[in-house]
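Structure, as structure tokens:
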Amino acid sequence: MGNCLKGSTADDISLLRGSDSTRDSSSSDQLGPPPPYQESLPVYYPSPNVSRPVTQLTEEEQVKIAKRIGLIQHLPTGTYDGCKKNRECVICMIEFMINDPVRYLPCMHTYHVECIDDWLMRSFTCPSCMEPVDAALLTSYETN
Amino acid sequence: MATKKKPSSDQGSSSSALDSSRWEVSCFWERRLQKELMSLMKEPPPGVTVDAEGAGQNLTQWIIQMDGAQGTLYEGEQFQLQFKFSPKYPFDSPEVTFIGPNIPVHPHVYSNGHICLSILTEDWSPALSVQSVCLSIVSMLSSCKEKKRPPDNSFYVKTCNKNPKKTKWWYHDDSV
Ligand SMILES: [Zn+2]
Ligand SMILES: [Zn+2]
């Protein structure tokens with residue numbers, strides 16, 4: 001079961017996960033006292049429609065956020081049709097109501113648009129099955 | 001003639017308006033925590049008891065009593081877990097530590113109560129819950145073969161941040 005983590009922090013920051021090199025270098029030289037935890041990564045946005053003063057973000061960060069939002073917008077949305085398979089949004093733990101705006105992930109897990117978008121800005125994975133959401137998109141970018 | 005309308009009786013739908021205003025009062029994370037608290041009180045996992053009164057008074061901090069499972073190295077022991085939630089819960093993981101006089105002696109539990117468990121930091125997902133965290137901890141304890149502290153315990157306890165979420169956790173390479 002639970003184990004101590006290895007040092008991969010590639011999750012949030014690298015949209016396309018191409019950065020194996022950063023992973024290697026970080027895992028070798030940080031052992032001792034805990035360095036500041038990297039939770040303040042600026043990738044997070046309250047929600048795609050809520051903007052924060054851009055002055056607080058570097059240009060690079062803004063690009064990342066814009067890319068992430070772009071990817072999220074590619075995921076299909078709809079309104080809940082009463083499907084029995086997805087009864088509850090596991091993020092807010094509230095049952096779907098007919099016509100709730102929902103978003104479908106490639107793994108077919110369904111969430112309220114508002115709930116899942118907030119999460120996807122932090123981590124591009126499905127909360128239920130941990131499937132990377134960008135796997136399908138990745139293949140079109142990566143050559144190897 | 002029948003065109004007189006009874007003002008009140010037909011329009012009984014005003015209660016739903018009341019409900020929606022209540023939604024606004026308690027925000028997202030409070031609602032979710034209240035739901036979790038209810039279900040944990042109703043159907044607690046075996047050996048797990050939540051201090052419902054305390055949690056009801058302060059939703060951001062729960063104390064959970066955990067019994068060492070039968071047939072494991074921790075049988076007969078009792079532990080206390082503290083959960084702290086931020087307003088970003090469930091997008092942010094809860095801060096979970098063992099507290100009190102009995103901190104389980106386990107290769108992933110430091111003597112200050114910090115727990116090295118990946119779902120509490122990097123592998124957290126909002127689909128997880130207090131209940132699933134408790135179950136993970138129970139199974140982490142249950143699968144233990146030898147009671148001992150993590151190899152870097154004394155160093156870590158001296159140098160770590162009070163908040164275990166500030167720690168950058170690494171795998172203890174004890175398998176290789
Ligand atoms: Zn939801
Ligand atoms: Zn999924």
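Every chain is numbered from 1 and lettered A, B, ... according to where its sequence line falls, protein lines coming before strand lines.
Cluster annotation: B:F79 and B:V105 are assigned to distinct hydrophobic clusters (Ile/Leu/Val/Met/Phe/Trp/Tyr, side-chain heavy-atom contacts under 4.5 Å, transitive). Taking hydrophobic clusters as Ile, Leu, Val, Met, Phe, Trp and Tyr residues chained together by side-chain heavy-atom distances below 4.5 Å, B:V130 shares a cluster with B:V48. The cluster map of Ile, Leu, Val, Met, Phe, Trp and Tyr, joined by side-chain heavy atoms under 4.5 Å apart, puts B:L141 and B:I63 in different clusters.
Taking the salt bridge (charged side-chain N to carboxylate O under 4.0 Å, His left out) definition, one finds that B:E53 meets it with nothing, sequence neighbours left out.
Between the side chain of B:R32 and the backbone N or O of A:I91 there is at least one donor-acceptor pair closer than 3.5 Å.
In this structure the side chain of B:P90 never reaches within 4.5 angstrom of the side chain of A:M93, judged on heavy atoms. In this structure, the side chains of A:C115 and B:F28 come closer than 4.5 Å at one or more pairs of heavy atoms.
Between A:W119 and B:F91 the shortest heavy-atom distance is CZ3-O, 3.4 Å. B:D92 and A:R122 make their closest contact through OD1-NH1, 3.1 Å (heavy atoms, listed as atom of the first residue, atom of the second, distance). Pairing each heavy atom of B:S125 with each of A:P127, the nearest pair is OG-O, 2.6 Å.
More than 12 heavy atoms of other shown residues, nucleotides or ligands fall within 6.0 angstrom of atom CD in B:E75. Environment of NZ in B:K147: crowded, with over 12 heavy atoms of neighbouring residues, nucleotides or ligands closer than 6.0 Å.
Contacts of A:C89 with chain B are absent, with no heavy-atom separation under 4.5 Å from either backbone or side chain.
Distance CE/A:M130 to CG/B:L128: 7.0 Å, rounded to 0.5 Å.
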